[in-house]
Amino acid sequence: MLKKFFASCLLGSAMISAMATESAITFSYAGDEYAIWGKGKSEIYDAAIRIVDPALVGKKITSIRAVLNAYEGIESTSMWLSKELKLEKIDGVKVTVPDVCAAEVTPEKISLPGSEDSFGQISATLSEPYVITEDGIYVGYSFTVPAVEKGQVLSNKQQYPLLLSPCDNPNSLYIRASKDFLKWVSYNDKLGASAMIYVTIEGEFPEYSVGIKSVPTTYAPLDKDFNIKAVISTPGIKDVTSIGYTYTVDGKSFDRTLEFDSPIASNFVNSTSVDFPIAAMSELGEFTVDLAINKVNGMDNENPGSSASCALKVLPFVPKHRPMLEEFTGTWCGWCTRGYFALEQLNELYGDNVVLAAYHDGDPMQVTSEFPVSFSGFPNSTLNRNGTEDPYYGNTTDGFGMKKEVIASMETVVPADISVDAVWANEEKTKINVSSAATFFENKENAGYKVGYLLINNGLTGEDESWWQSNYFPGSAVNYIGTELEVLTKWPSKVPDLIFNDVVVDVNGMKGVDDSVPADIEFNKPYASEFSYDIASNDVIQDKDKLYVAAFIINPNGTILNANKVKVVDASGVKSVGSDAEEVSAEFFNLSGVSVAQPQNGIFVKVAKLSDGSLKTSKVIVK
């Protein structure tokens, strides 16, 4: 596990400021913070980074260095370069065999700013510089934590011998631990961290260099200016104060200049997201945008990767993406307190912009033993039903990783929108009628989409001890000092009087309703569907004024494309979440989803287009 983050570690950041001369840079994914990591065992550790960048092709690696937590109690320490990460069995033991060069090294004891502790450093100078190719190169180190004699235990530095730094670059961390990973694994997505490896690279570096790393598919509203969000690199000597760019779309080319309020620093590792303004499109449809950065600070751009293309989809409006987070929990589960904390935080931060649903197991709020995804252990969760992960940490082991994942999901545009309304169907408030409309901005045959539903209740609470939330955090308080979860260490081991929100109280519709979306779908056509709940015998629901219905579009592979939720209200108060804008147009559909020009004699679904681009649905009875 990752432990003990520190701030203000100034070890270098792979920028020109770390240069020895104008022809040498220090390349590293590591930043200004660090943490210790290990598996707590006697085993062989290997760690590596990968350098692959067109701007560095032809440049020469002259020396390498790494910073570790351990400086003693480890052996067989080496640093190396390799085109591939390969394991071979030698004397019955699988070890990493570099295919470029390797050197045995001896750790030295060093200190780091911001900590009173001591750390280890290993380094090697290449006898012959290595020329970086287009295929890239792995730079890594290996060492062994030896077995201890009977009656002894590993020291803290032997248990957690690696030093890592927070980073989101997928090339920044590859790990192999002989007893835990039988092969090399890319581990940045799990830890959100980088190996603290530093590489001296020499060569002629351009002054003015901006590359385009990626340009995602862009969705733009009709007749409105928009931005293309491109990820750029800035591996030049000069910081970037302006960019001159050309874009071509639908056979027309435009030249523009983008001035930055604050310069983008020269950087050979990290990338920067930049919004490139694009003029409004007057036609709906799909296009290709060719983007090229020609000038940097008014000078010719010297980067070989300065152009890229992306798909552009022009829509009547750009749908709001509301991610759906489903949590699996129980009051008996002592670590589930962090899941409770995570959902409360997300609710406070994002409100109706994220759809939350908590499935309880083994406590008074349980309504099912069948869940939308398979999982092992509590607490657990799934974001958009795309795999399972911790409801607080997400796919990381430290920090509020789920918050970052929710933000990233919210910022991802999806080509579909869903609106939903829920009304009481009788005066006794035992039946609920739900209507939804799913609109897709693409034509598809045999699409396989479905609309799913969940009934959710806020404000659940109880006095019986079965309602008290078990809490293990006070017993591990030392591990959470200075973290966001420290507040949980101050709660009692059994927490009474909690109010539980976002509780799933009826799972009908959980896995989607057949025929709720036709097999063949048309661009910009809302598909209306109906659903209902009978809660007459539901003894979990406590406050009917705090009932909500979540509606969500389910992809053919079972993941969730988009979601929405609405409060259950009287029929006279039908109003979709987020629909405060004025109505600008409306269409009517019968209960089979067929468009009706002039509704007569029957029940219809009205789908209104609002001035903010969202959709609002309501039931209309025509006599």
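The first residue of the sequence shown is numbered 1, and numbering continues consecutively from there. What's counted below: heavy atoms across the whole structure, side chains too, no hydrogens, waters or symmetry copies.
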*side-chain hydrogen bond (donor to acceptor under 3.5 Å, both in side chains) with Asn557: which residues, sequence neighbours excluded?*
Thr559
*Give every residue pair that meets the ring pair (Phe, Tyr, Trp, His ring centres under 6.0 Å) criterion with at least one member in residues 85-112, sequence neighbours excluded.*
none
*Step by step, would you call Phe119 with Tyr34 a ring-ring contact (aromatic ring centres under 6.0 Å, His included)?*
CA-CA 11 Å; Phe119 300 92; Tyr34 51 90; 5.5 Å; yes
*Check the pair Asp53 / Ile51 against side chain to side chain contact (heavy atoms under 4.5 Å, CB included), numbers first and verdict last.*
CA-CA 7 Å; Asp53 190 322; Ile51 299 175; 5.5 Å; no
*Could you pull out all residues at least two apart from Glu202 that satisfy salt bridge (charged side-chain N to carboxylate O under 4.0 Å, His left out)?*
none
*asked:* Quick check: do Leu561 and Asn555 have side-chain heavy atoms less than 4.5 Å from each other?
replied: yes
*Side-chain (Asn353) to main-chain (Arg322) donor-acceptor, under 3.5 angstrom*: no
_Which label fits Phe341 and Phe400: parallel for a plane angle under 30°, tilted from 30 to 60°, or perpendicular past 60°?_
tilted
*asked:* Let me confirm one number: the OG-CD1 distance from Ser118 to Ile110, rounded to the nearest 0.5 Å.
replied: 9.0 Å
*State whether the side chain of Ser233 and the backbone N or O of Pro235 hold a donor-acceptor pair below 3.5 Å, judged by distance alone.*
no
*Provide the full list of salt bridge (charged side-chain N to carboxylate O under 4.0 Å, His left out) pairs with a residue in residues 151-179, sequence neighbours left out, each pair given once.*
Asp46-Arg176, Asp117-Lys157
_Restricting to side-chain hydrogen bond (donor to acceptor under 3.5 Å, both in side chains), what partner residues turn up for Glu302, sequence neighbours left out?_
none
*For residues 91-118, pull every pair meeting ring pair (Phe, Tyr, Trp, His ring centres under 6.0 Å), keeping only residues two or more places apart or in separate chains.*
none
*With rounding to the nearest 0.5 Å, note down the distance linking CG in Leu291 to OG in Ser307.*
8.5 Å
*Knowing that exactly one of Tyr247, Phe276, Tyr245 qualifies, which makes a ring pair (Phe, Tyr, Trp, His ring centres under 6.0 Å) with Phe254?*
Tyr247
_Side chains of Ser63 and Thr125: any donor to acceptor distance under 3.5 Å?_
no
*Which of parallel (below 30°), tilted (30 to 60°) and perpendicular (above 60°) describes Phe143 and Tyr141?*
parallel
